[in-house]
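Dumping the structure here so I can ask a few things about it.
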Amino acid sequence: MATGDNVGTLRILRYDGRLVHVPLSLHSGAITHLLALEGGLLITAGTDGRVMAVEEENGQLTRRVIAHRKQTWVSSLTTYRPDGSPRLLLAAFSDGTVEAFDVGRFQPHHLPLGELQDSSALLCGINSADTGPQLLVSMHETVYRFDGLSLIPHSRHSSRIRALLALPELGRYVVGDEGSNISLCDLETAQPLHRGRHDTGPVGEVPVPVTSLQLVSVGGTSALVSAAGDGTLRLWKLPDLQAVPGLLQAHASPVNAMTCIPGHGHGPEPDRLLSGGADRIVRNWVVDEAVFGQEPKAWNRVTASAVCPAAPRRLAVARASRVIIKDLATGAETTRLKGRHVTALAWPQIGARRALAVAVGYDIICVDPETNRQIGPEMTGHLLPIRSLITVPSASGDLLASAGADGTVCVWQPASGEQLARFGDHEFTVRSLATYQNSQTRLLASGGSDGNIRVWNTDTLEQHGSTIKCDQNVINDLAFVTPEDGDLLIAVAGQDGTLKLWDPQTCRAVRTLNCTDGELSAVTSLRLPYGRTALAVAGTTSIHVWDAAAAARPLLQIVTGSPIETLKAVQDRNQVTSSILLASGEAGAMAFRLQHDQL
């Protein structure tokens, strides 16, 4: 299977998610369309206005650019065989232009379509019982049919068309629109044969747009799956478009694409459906009425988590507009800060007591975990929501550092609420923070969407050394590393799927670890016996633990089954035989105890 992401990277994967070959960086924008052709050719198109061809088996580009229209994006990609002509590859661009190429040599072919009056026009080839092959073109709320000479209006719909799919029956097609409507149409009739709605909400609610349609088979009979902007899938029986009761909550974000893996003929092996969402996840579903007939469930993903660094070990988790504090020894739970959307958590020491620091929107408050009472004044200073919060050791006690979507890093005195420093040097969102201290210095590192790392001295409150310009796209997370075979390094988990160790003195990458597990979302370091250091990094499917030495080698893989957003290691100075590894994300929070002698 092939997947395209929002930074122009193409990945060819086996059905279990393993890469067939290294990812290919093809487009300078998002890949929005993938189309498989005979002979192992894969056509890609994206928001950079490029259409390209790739050989699936070895990943070699057969022709780097089939078409390129600058300052446009490709709205649709399909094949179409005009009567008496070879099959054509069609690409619709946002400026209304449709370009046609013969499938094979990809030479331009004239098609008298004219300029389309919709930047999001959709194209779909269809076979007609009376006139042979035709082309369907959607513009705004109308589907037109192109007979080789002109566009003829065929069906009108109540809102903008978002999905268009031809059915195996001659002359029949399905339309999905922004009003959540599904319409089954026939070229021989002006009115739709059958209608349905993807969502089941009461009249008057904002409708959920239909984003994708896919033909599947259930028990040897053709069926239809519709996907929507709320992350749900619905199964429809054909030919009368009868909805199977229930909605499958497939993703936490809008579903962008679907494709089908056919079963083995008419045997017991069912079809499988792959769905890809704006949450950057691909999921694999069995096409069965029982699977698609589930009651929808809410996705209450973890938005922040933190483990108390000292006894008693308490885990704080923000989920579903509340913070839950769990004692890891007894399992006792208490709920705090109900009705507040929390984006980051930390456990600073304020005086003689341990407090819970909570980022709520643009501000930070500290609360007593026992009484839920606020400690000290509110800390206000960010212009956009806070993305990360961390405890910063200092000579005068714990400080707090916060990083926000406004591109700033702030250092706070939590007891007084005073802002000690404000670093506004990042261009975009600051996504991660990490700290390091030894007998000479205390450092704070920040990394973000601009691909840069900056290191700050928390004693002098000035930048320490030069800015490190990483080549890993967005920096999702970072951690300080002190391997026994070298000086201080910074481990960076990149959007490009690489884990690189950077030297803050030379600003160069000294080591690259390839987990081959998609985009890396989080990283943390662990101190092991005999001066060893390990790195734990979260990929798409697993947490990978690596030896950080020069001869880097994998030590452990923890299969999570769902994406991880934050990963932190907590080590007790009095407990040298193990570490606690905290992972949180879409499925919740997980705390692992790693036994050092088994790594």
Non-hydrogen atoms of Asn452 and Ile475 that approach each other most closely: O-CD1, 3.5 Å
Distance-only donor-acceptor check, side chains Ser584 and Thr566, under 3.5 Å: yes
Listed partners of Arg454 passing salt bridge (charged side-chain N to carboxylate O under 4.0 Å, His left out), at least two apart: none
Leu513 vs Val537 side-chain heavy atoms within contact, under 4.5 Å: no
Test item: Trp285 and Leu248 side chains (from C-beta on) under 4.5 Å apart, heavy atoms: yes
Heavy-atom check, side chain of Asn6 versus side chain of Gln495, under 4.5 Å: yes
Whether Gln249 side chain and His251 backbone form a donor-acceptor pair below 3.5 Å: yes
Nearest heavy-atom neighbours spanning Ala45 and Val51: CB-CG2, 4.2 Å
Heavy-atom closest pair, residues Ser432 and Asn476: CB-O, 3.8 Å
Leu215 vs Leu238, side-chain contact (heavy atoms from CB on, under 4.5 Å): CA-CA, chis, key distance, verdict: CA-CA 10 Å; Leu215 191 68; Leu238 296 176; 3.9 Å; yes
Nearest-0.5 Å distance that lies between atom CZ in Phe146 and atom CG in Leu111: 4.5 Å
Distance (rounded to the nearest 0.5 Å) between Leu167 CG and Ile126 CD1: 7.5 Å
Main-chain N/O of Met52 paired to His27 side chain as donor or acceptor, under 3.5 Å: no
Donor-acceptor under 3.5 Å (Asp102 side chain, Gln107 main chain): yes
Where Asp279 and Ala252 come nearest, the two heavy atoms and their spacing: OD2-N, 3.3 Å
Ser542 side chain vs Gln557 backbone, donor-acceptor pair below 3.5 Å: no
Leu224 vs Leu184 side-chain heavy atoms within contact, under 4.5 Å: no
For His33, side chain to side chain donor-acceptor pair (under 3.5 Å) partners two or more places apart: none
Side chain to side chain donor-acceptor pair (under 3.5 Å) between His341 and Thr303, intermediate numbers included: CA-CA 8 Å; His341 181 70; Thr303 57; 5.1 Å; no
Within-4.5 Å side-chain heavy-atom neighbours: Ser449 and Arg431: yes
Sub-4.5 Å side-chain heavy-atom contact between Phe106 and Ile43: yes
Under 3.5 Å: donor-acceptor pair, side chain of Ser138, backbone of Leu122: yes
Ser75 (side chain) donor-acceptor with Ser94 (main chain) under 3.5 angstrom: no
Asp271 side-chain N/O to Val287 backbone N/O, donor-acceptor pair under 3.5 Å: no
Arg283 side chain to Ala250 backbone, donor-acceptor under 3.5 Å: yes
Val244 backbone acceptor or donor facing Arg234 side chain under 3.5 Å: yes
Separation between SG of Cys124 and OH of Tyr173, rounded to the nearest 0.5 Å: 10.0 Å
Side chain to side chain contact (heavy atoms under 4.5 Å, CB included) partner of Arg197, the single match among Val208, Asn181, Val210: Asn181
His544 and Asp517: side chain donor to acceptor below 3.5 Å: yes
Min side-chain heavy-atom separation Val7-Val474 under 4.5 Å: no
Side chain to side chain donor-acceptor pair (under 3.5 Å) involving Thr408 - partner list, sequence neighbours excluded: His382, Asp406
Closest non-hydrogen atom pair, Thr142 against Pro153: CG2-CB, 4.3 Å
Reported CG-to-OG distance for the pair Asn473 and Ser25, which is rounded to 0.5 angstrom: 7.5 Å
Within residues 151-160 or reaching into it, pairs that qualify as salt bridge (charged side-chain N to carboxylate O under 4.0 Å, His left out) - sequence neighbours excluded: Asp118-Arg160
Chi angles and distances behind the side-chain contact (heavy atoms from CB on, under 4.5 Å) call for Val430, Arg387: CA-CA 7 Å; Val430 183; Arg387 290 290 302 267; over 6 Å; no
From CA spacing to verdict: side-chain contact (heavy atoms from CB on, under 4.5 Å), Thr259, Met1: CA-CA 9 Å; Thr259 192; Met1 59 182 175; 5.8 Å; no
Results of side chain to side chain donor-acceptor pair (under 3.5 Å) for Asp5 - residues two or more places apart only: Arg11
Polar side-chain atom of Glu141 near backbone of Met139 as donor-acceptor pair, under 3.5 Å: no
Validation row: Ile490, Val455 side chains within 4.5 angstrom (heavy atoms): yes
Minimum heavy-atom distance His198-Asp230, with the two atoms named: NE2-OD1, 4.5 Å
Worked verdict on Leu13 versus Val282 for side-chain contact (heavy atoms from CB on, under 4.5 Å): CA-CA 11 Å; Leu13 308 115; Val282 176; over 6 Å; no
Nearest-0.5 Å distance that lies between atom CZ in Phe101 and atom CG in Leu90: 9.5 Å
Any residue meeting side chain to side chain donor-acceptor pair (under 3.5 Å) with Ser120, in chain and number order, not counting sequence neighbours: none
Gap between atom CG of Leu10 and atom OG1 of Thr3 - 0.5 Å precision: 6.5 Å
